[in-house]
Number of protein chains: 2
Amino acid sequence: MTENTLTEFDATDFRIMNALVEDGRMSDVMLGERVHLSATAAARRRKLLEEQGAIKGYTAELDLPMLGLGIVVIVAIELRSQADSVLTEFEEAVVRCPSVTFCSFVSGDTDFLMMVHVKSFEDYDRIYRSELATLPHVAKIRSSFVMRRVTQRNVPPAVFARGR
Amino acid sequence: MTENTLTEFDATDFRIMNALVEDGRMSDVMLGERVHLSATAAARRRKLLEEQGAIKGYTAELDLPMLGLGIVVIVAIELRSQADSVLTEFEEAVVRCPSVTFCSFVSGDTDFLMMVHVKSFEDYDRIYRSELATLPHVAKIRSSFVMRRVTQRNVPPAVFARGR
DNA sequence: GATGAAAGCAGTGCCTC
DNA sequence: GAGGCACTGCTTTCATC
């Protein structure tokens, strides 16, 4: 229930997390079979992981290209200043952009990195004008189009090496 | 079952997808209430969306910081050449890196953009040496550390505007 | 898209190790 | 402290309309 108990997870916990990352709707019966536990024991551990916050929730994975959003653009944005109020105003505007799925303030060459999903290049042009170019305090926008996706995972495989 | 039927989705389909993105383990009964359908009707539509591939699957969302992976690094990699064999060898090596959750071949300033999850800066140094620096044909690596996450969504909100 | 019966599953308390 | 079993009540599934 609390959070900063520096919880210790054992191999079974990692196996449960692994199974549920692969199939979030797996029944407790199947989960139990998969991790060699009774369904009740598996369910109890699953709930504990949920309560502890290690499992934050479950989500359906949608096929965005099939929904007409086949193009992914990674956008680097530099602001005119890095004053606190400037950052805050920019961030508040970003969360309201309906095409943005990811935005982080980063160190390095640029200030923010974002990921944008669009239907077509024409659509990106439209969104560039209507969403990105209207964000406040922007000095420079650089767009990189995703040509081919090499890897896309929810969780780094390193986590699952611990399930043994 | 097939895929290129250019499937048409109605507002109820989008409402179902929205509900399941928010809670992938939602029962069909709850789903039916949420979209104003009987549980059976909701279940039938859910299954159809799964079979059509619009819903690719379900996954548990893990709290990576709680599992000791609190630092996210976005890595831009330039290769020495863009010959087909060079790209292929690089990509085959990347998918075997256990700390990489995202890698795409992109247009623009760099060749590949990747996302790496690590425990600490020391850990990044170790992974930089053991995973990234050993990737073949790399000319230049630029690392940006995520200082603050502004937005992180599975699906752009624009998709859900269609659920009405 | 709704209904109702049958099967399967999740949730609880209790017992064992 | 953690796993297993049995019971009860939902939930899902499938036939039928």
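For clarity, every value in this text was computed on a predicted model and none was experimentally measured. Labels below follow one simple rule: chain letters A, B, ... track the order of the sequence lines, proteins then strands, and each chain is numbered from 1.
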Selection residues 31-46 of chain B - residue pairs positive for side-chain hydrogen bond (donor to acceptor under 3.5 Å, both in side chains), sequence neighbours left out: B:Asp10-B:Arg45, B:Asp13-B:Arg45, B:Glu22-B:Arg34, B:Asp28-B:Arg46, B:Ser38-B:Thr40, B:Arg46-B:Glu50
Integer-rounded Å distance: D:dT12 P and B:Glu33 CD: 11 Å
Cluster check A:Val21, A:Tyr58: I/L/V/M/F/W/Y, side chain < 4.5 angstrom: yes
Residues that B:Arg153 engages under salt bridge (charged side-chain N to carboxylate O under 4.0 Å, His left out), provided they are two or more places apart: none
Those residues of residues 41-50 of chain A lying under 4.0 Å from DNA chain D by at least one heavy atom: A:Ala41, A:Arg44, A:Arg45
Test ring pair (Phe, Tyr, Trp, His ring centres under 6.0 Å) applied to A:Phe160 - qualifying residues, sequence neighbours left out: none
Distance, rounded to the nearest Å, where A:Leu31 contributes CG and D:dG3 contributes P: 12 Å
Identify all pairs in which a protein N or O lies below 3.5 Å from an N or O of nucleotides 15-17 of chain C, and state each distance.
none

Minimum side-chain heavy-atom gap A:Ile77-A:Lys140 below 4.5 Å: no
Shared hydrophobic cluster for A:Ile55 and B:Leu67 (ILVMFWY, side-chain gaps under 4.5 Å): yes
Worked verdict on A:Arg25 versus B:Leu20 for side chain to side chain contact (heavy atoms under 4.5 Å, CB included): CA-CA 11 Å; A:Arg25 278 182 84 88; B:Leu20 291 172; 3.7 Å; yes
Pairs involving residues 71-99 of chain A, ordered by first then second residue, that meet ring pair (Phe, Tyr, Trp, His ring centres under 6.0 Å) (sequence neighbours left out): A:Phe90-A:Phe112
B:Thr40 vs C:dA2: side-chain N/O to OP1/OP2 distance below 4.0 Å: no
Identified side-chain hydrogen bond (donor to acceptor under 3.5 Å, both in side chains) counterpart of A:Asp111 within the set A:Gln82, A:Arg80, A:His137: A:Gln82
Inter-axis angle, terminal five-pair segments of the helix from C:dG1-D:dC17 to C:dC17-D:dG1 [nearest 10°]: 30°
Whichever hydrophobic residues join B:Leu48 through chains of side-chain contacts under 4.5 Å: none
Hydrophobic cluster partners of B:Leu113 (side-chain heavy atoms under 4.5 Å): A:Val72, A:Ile74, A:Phe102, A:Val106, A:Leu113, A:Met115, A:Val146, B:Val72, B:Ile74, B:Phe102, B:Val106, B:Met115, B:Val146
Nucleotide C:dA2, atom C1' - distance to CG of B:Leu37 in whole Å: 10 Å
Partner residues of A:Arg15 under the salt bridge (charged side-chain N to carboxylate O under 4.0 Å, His left out) criterion, sequence neighbours left out: none
side-chain hydrogen bond (donor to acceptor under 3.5 Å, both in side chains) partners of residues 91-107 of chain A, not counting sequence neighbours, each pair once: A:Glu91-B:Arg148, A:Ser99-A:Glu131, A:Thr101-A:His117
Neighbours of DNA chain C within residues 13-30 of chain A, by heavy-atom distance under 4.0 Å: A:Ser27, A:Asp28, A:Val29
